[in-house]
2 protein chains.
Amino acid sequence: MLNTFSPGLKGVIAAQTRLSHIDGERGQLTIGGCSLDDLAPNATYEEALYLLLNDRLPTAAQLADFRAELAALRHLPEVTLAVIREAVGRGDAIMDVLRAAAATLPTTGDPRTDGLRAAAAFPLIVGGAWRVRQGHDPLAQVAAGGHAAAYLAALTGTDPSPAAQRALETYLITVIDHGLNASTFTARVIASTGSDLISAVVGAVGALKGPLHGGAPGPALQLVREIGSAERAEPVLRAMFERGELLMGFGHRVYRVRDPRADVLGAEAERLFTTDGDRALYDLARHVEAVALRLFEEYKPGRRIQTNVEFYTALLLNGLRLDPDLFAPTFAVGRAGGWVAHALEQIAAGKIIRPTSEYTGETNRPWIPLEERTPSA
Amino acid sequence: MLNTFSPGLKGVIAAQTRLSHIDGERGQLTIGGCSLDDLAPNATYEEALYLLLNDRLPTAAQLADFRAELAALRHLPEVTLAVIREAVGRGDAIMDVLRAAAATLPTTGDPRTDGLRAAAAFPLIVGGAWRVRQGHDPLAQVAAGGHAAAYLAALTGTDPSPAAQRALETYLITVIDHGLNASTFTARVIASTGSDLISAVVGAVGALKGPLHGGAPGPALQLVREIGSAERAEPVLRAMFERGELLMGFGHRVYRVRDPRADVLGAEAERLFTTDGDRALYDLARHVEAVALRLFEEYKPGRRIQTNVEFYTALLLNGLRLDPDLFAPTFAVGRAGGWVAHALEQIAAGKIIRPTSEYTGETNRPWIPLEERTPSA
């Protein structure tokens with residue numbers, strides 16, 4: 001038993017998991033036993049989620065059953081649609097809409113069903129919020145099969161192209177799980193009390209919202225847009241290095257040699273922009289990246305700073321014509337599967353997560369009746 | 001840095017707090033530096049919440065300002081009322097209604113304001129859910145001032161008696177904070193990411209829902225009702241002891257000599273039943289308690305098992321004519337203040353809570369294309 005304060009619980013092992021493993025030193029991410037490099041470009045989101053839930057890849061028949069199970073849960077009740085309309089109408093950010101709307105999903109008493117319902121609902125909630133913001137009605141359900149296709153259909157009202165769907169599958173799998181980050185830990189703490197999976201996932205959305213959480217792509221492409229043309233890349237970036245400014249899109253807290261998610265998404269972005277999307281922005285971004293990496297070598301020699309996952313995520317999601325306001329909610333559409341798998345794993349562990357606190361306050365503060373208190377008391 | 005797995009984080013110190021301190025060995029609970037024995041019977045809920053937020057008791061003028069601030073936030077938007085109606089209509093438990101409705105409250109960007117709004121909304125949400133269940137409309141606001149009075153008014157639509165209000169103030173203060181339980185920890189984890197206070201409090205409601213959480217009064221009075229008359233107490237209880245059955249309402253995990261909350265609530269219940277309430281049930285409960293304590297001495301000598309807080313809570317809330325379905329939500333109406341104070345304290349600490357996990361799964365699972373997989377793979 002540890003009896004010293006661990007700020008932020010840094011380094012404290014709070015769970016055992018078979019779901020994912022981050023090897024920052026080697027630059028490897030394992031999802032359900034598979035290397036992300038294998039899984040992300042090849043699997044569908046349903047295959048990856050099945051793998052997390054069942055610790056094995058599905059056969060064709062098992063996958064068909066699982067897709068049908070998810071499809072049957074992929075519809076929104078009227079109260080959820082009403083919350084989407086109202087929350088967007090009063091100007092809530094889409095992450096706030098997602099929290100409010102997901103919290104209205106019904107529970108059944110069966111954690112797996114509730115978890116799959118939450119995961120299946122996320123594409124419709126986020127897509128619906130976007131549609132309302134554009135002046136359209138949110139969709140209670142969509143014909144398109146599968147998590148990725150349903151999300152694009154819920155956003156646009158039309159079936160996505162095969163290239164767009166594949167690119168989004170790859171992104172969603174890339175973010176489906178990543179160890180015990182703060183949102184996943186939140187889902188596990190809530191589930192550890194024996195509460196329902198809707199509550200666990202709603203709590204996780206709340207934690208993901210926080211700016212310190214990380215994972216959701218930030219303003220990495222904003223700089224590329226500001227630079228605007230290839231010849232401005234070097235002078236603008238060099239001026240930033242000279243001023244010691246932080247460069248968004250480079251470096252990572254955990255991965256030292258390479259971020260496997262960045263490699264996967266970089267390759268997927270290359271494929272997407274070959275068939276679809278704004279090739280001019282893609283080429284400019286790649287040019288800015290090359291200049292930035294050269295300047296990192298010049299200004300911070302030996303630090304081996306790499307392009308990070310946020311840079312390629314922003315490139316890929318921009319290629320899918322997603323507005324930056326949808327970047328964090330799209331991350332949630334992918335991460336939902338990991339939250340559900342972790343919450344179910346925690347329930348199976350059967351132990352409440354309840355750390356302790358150290359008291360640093362007053363003791364024996366005297367009770368003074370209200371009328372006798374003075375401002376200096 | 002600890003690098004061994006701590007199941008449930010038992011004994012791990014995850015936060016420093018000046019808000020409350022449990023001394024289980026001495027049977028003392030400190031709230032904002034004051035002894036619960038002083039605070040609970042004397043303070044109003046607003047005084048106790050002010051103490052938590054400001055680390056001092058308010059003067060009369062400060063208290064008046066704080067009450068006015070809370071009163072101005074004590075109203076529900078139409079979308080929240082709509083969610084209450086819909087969720088009750090489809091048969092959700094009141095804790096589920098509370099989670100769904102609280103998640104629709106708007107955020108302002110100011111954590112303190114959002115937290116106070118959530119706390120101020122809880123009495124109206126729970127009261128509204130109860131009213132809808134009884135076939136009435138939920139109230140968007142009530143005239144009655146103060147957290148306790150507003151809750152009783154939101155339930156019944158009429159102003160409460162002074163005795164009822166005082167009894168509820170005492171109960172709500174008794175549960176306003178209790179160290180780092182799972183729901184309070186959830187609020188701190190969510191707030192630690194820099195997320196908003198509505199998200200933190202909604203996550204905490206989700207954790208409180210879980211049957212392993214504890215704190216909310218369980219079926220302690222059900223046994224008293226089943227016994228039904230004084231002369232049946234000994235034979236029924238003795239039969240339970242002989243069969244080795246668990247007796248709800250006795251014993252506590254933390255408090256060894258006395259549970260200070262039980263003492264405070266026992267005294268308050270005595271006062272309430274003297275002026276108001278069903279004296280017959282009260283006298284029967286006290287008789288059952290005396291017989292149970294005598295039988296504990298006989299069957300488990302030296303264990304010094306005490307009546308616990310659940311027993312007196314059930315007695316007091318029953319005296320306030322609250323249905324058992326309202327017991328857990330009423331606990332949430334009180335605990336909301338502690339959640340807000342802890343979330344704000346965590347934000348001030350400025351550090352994300354992010355423990356780590358230990359990987360126990362497969363590695364190097366080969367990727368097999370779908371059409372080549374077999375059921376035994």
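Throughout, a chain's letter reflects where its sequence line sits, starting with A, and its residues are numbered from 1.
- Contacts between residues 83-93 of chain A and chain B, counted as heavy-atom pairs separated by less than 4.5 Å, involve A:V83, A:E86, A:R90.
- Of the listed residues (B:N181, B:D55, B:T363), the one with the most heavy-atom contacts under 4.5 Å to chain A is B:D55.
- Of all non-hydrogen atoms in B:L19 and A:Y359, the two that sit nearest each other are N-CE1, 4.0 Å.
- The stretch residues 94-101 of chain B places B:D96, B:R99, B:A100 near chain A, each with some heavy atom under 4.5 Å from a heavy atom of that chain.
- In this structure, no portion of B:T80 lies under 4.5 Å from any heavy atom of chain A.
- Most heavy-atom pairs under 4.5 Å with chain A, from the set B:G179, B:P106, B:G203, B:G361: that is B:P106.
- For the set A:L63, A:V202, A:V205, A:I198, the entry with the most heavy-atom pairs within less than 4.5 Å of chain B is A:I198.
- B:P58 touches chain A through backbone and side chain together, each having a heavy atom under 4.5 Å away.
- Residues of residues 189-197 of chain B lying under 4.5 angstrom from chain A, judged on non-hydrogen atoms, are B:V189, B:I190, B:S192, B:T193, B:G194, B:S195, B:D196 in numerical order.
- Considering only heavy atoms from C-beta on, A:T374 stays 4.5 Å or farther from B:T59 through its side chain.
- Contacts between A:S20 and chain B at a heavy-atom distance below 4.5 Å involve the backbone alone (N, CA, C, O).
- Looking at A:T107, the atoms closer than 4.5 Å to chain B (heavy atoms on both sides) all sit in the side chain, from C-beta outward.
- Considering only heavy-atom pairs separated by less than 4.5 Å from chain A, the leading option among B:G206, B:G33, B:A187 is B:G33.
- Screening A:L9, A:V12, A:T186, A:L212 for a side-chain contact (heavy atoms from CB on, under 4.5 Å) with B:I353, the sole residue that qualifies is A:L9.
- Of the atoms belonging to B:T30, it is side-chain heavy atoms, and not backbone ones, that fall under 4.5 Å from chain A.
- Per-residue heavy-atom pair counts under 4.5 Å with chain B were compared for A:E362, A:R365, A:R18, and the maximum is reached by A:R365.
- Contacts between residues 35-48 of chain A and chain B, defined by a heavy-atom separation under 4.5 Å, are made by A:D38, A:L39, A:N42, A:A43, A:E47.
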